[in-house]
Amino acid sequence: MFTIATWNINSVRLREALVARLLTEEAPDVLCLQEIKSPVEKIPLEGFQALGYRHIVARGQKGYNGVAILSKLPLADAGDRDYAGLGHARHVAARLENGVTIHNFYVPAGGDIPDREQNLKFGQKLDFLTEMRDAFHADNPARSIMVGDLNIAPREDDVWNHKALLKIVSHTPLEVEHLGAAQDAGKWVDITRKDIPDGRLYSWWSYRARDWDAADKGRRLDHIWATPDIANAGHGSRILRPVRGWEQPSDHVPVLARFDL
DNA sequence: ATGGTAGTGGGACTA
């Protein structure tokens, strides 16, 4: 049995103490971080190692993006891909000793205008998702878990107001369709929704809201998927809403699952 | 319809 968490940390150096608090309070075996905004050599590893997280596989860059997998269990680096040729650190994979492969993704946010003719970033987001689809189709993943900030809330109950967000990047039908194609290509099962099928679920609340908790205008942008051969081992999914209320928080909160393997 | 906040790095860009 092992537990896995995913969290867009929005600067791992600024929020080193928050990461340490999560590792102390929840002690997931594996923590996948996105938006570390740091080169690999500047990730503050010493404190994490002192808490038992001695294994790391990461890809970083200065100032933007960046993904890291911290683990109490031994990890082998399983490579990365430059989806859509952006040259960004948005994907890394690692393998556990039990043969489970973990993919950690940070899908581009896609800018504000949901039209690739008017907004280059939106086109890049769609291209990134299309290349994810093609890679999953070619690789036919098995015994795999994929987590990350996918920057799309696919279901009506993954957003605070479905109708109001249909033209808002992160919930447009075109993005949902692209994400669904990537999910289908790898036969991925949404573990969070397998465990918690009903009701609204959010993992992100904008910094721009005056009172995020009272307004509760959230979206479920952070996901944990697994291939069908191990999906029924996934249990106990949680989204740690209170973390959004920690001091100087990320705008995302951790999403967790347990795998009885 | 608009603008609201946050991080990096000390601009303007990204989210």
Give me the distance, rounded to whole Å, that separates [N] from [M] when you measure between the [atom1] atoms they each carry.
N	M	atom1	result
dA15(B)	dG4(B)	C1'	14 Å
dG10(B)	dA6(B)	C1'	16 Å
dG9(B)	dT14(B)	C1'	13 Å
dG3(B)	dG7(B)	P	22 Å

### Query
Nearest nucleotide by nearest heavy atom, which residue falls closer to the 5' end of DNA chain B, Asn151(A) or Pro249(A)?
Pro249(A)
### Query
What nucleotide, of dA15(B), dG9(B), dG7(B), holds the atom closest to the side chain of Arg13(A)?
dG9(B)
### Message
Looking only at the side chain of Arg208(A) (C-beta and beyond, no hydrogens), which of the listed nucleotides dA15(B), dG9(B), dG7(B) gets closest?
### Response
dA15(B)
### Query
So Ile43(A) and Leu33(A), side chain to side chain contact (heavy atoms under 4.5 Å, CB included) or not? Walk me through it.
CA-CA 11 Å; Ile43(A) 299 172; Leu33(A) 297 171; over 6 Å; no
### Message
Could you check whether the side chain of Arg15(A) and the base of dA6(B) have a donor-acceptor pair of N or O atoms closer than 3.5 Å, going by distance alone?
### Response
no
### Summary
From CZ of Phe122(A) across to C1' of dT14(B) the rounded distance in Å is 17 Å
### Message
Can you see whether Phe122(A) has Arg116(A) sitting over its ring - NZ or CZ less than 6.0 Å from the centre and within 45° of the normal?
### Response
no
### Query
Base, sugar-phosphate alone, or nothing: which one does Arg90(A) contact when heavy atoms must sit under 4.0 Å apart?
sugar-phosphate
### Task
Determine the interplanar angle of the Trp188(A) and Trp225(A) rings, folded into 0 to 90°, and report it as parallel if under 30°, tilted if 30 to 60°, perpendicular if over 60°.
tilted
### Message
Strictly below 4.0 Å: does Lys121(A) bring a side-chain N or O up to OP1 or OP2 of dT14(B)?
### Response
yes
### Message
For dA6(B) and Lys37(A) - does any side-chain N or O of the residue sit under 4.0 Å from the phosphate oxygens OP1/OP2?
### Response
no
### Query
Going by heavy atoms in the side chains, are Lys187(A) and Asn140(A) under 4.5 Å from each other?
yes
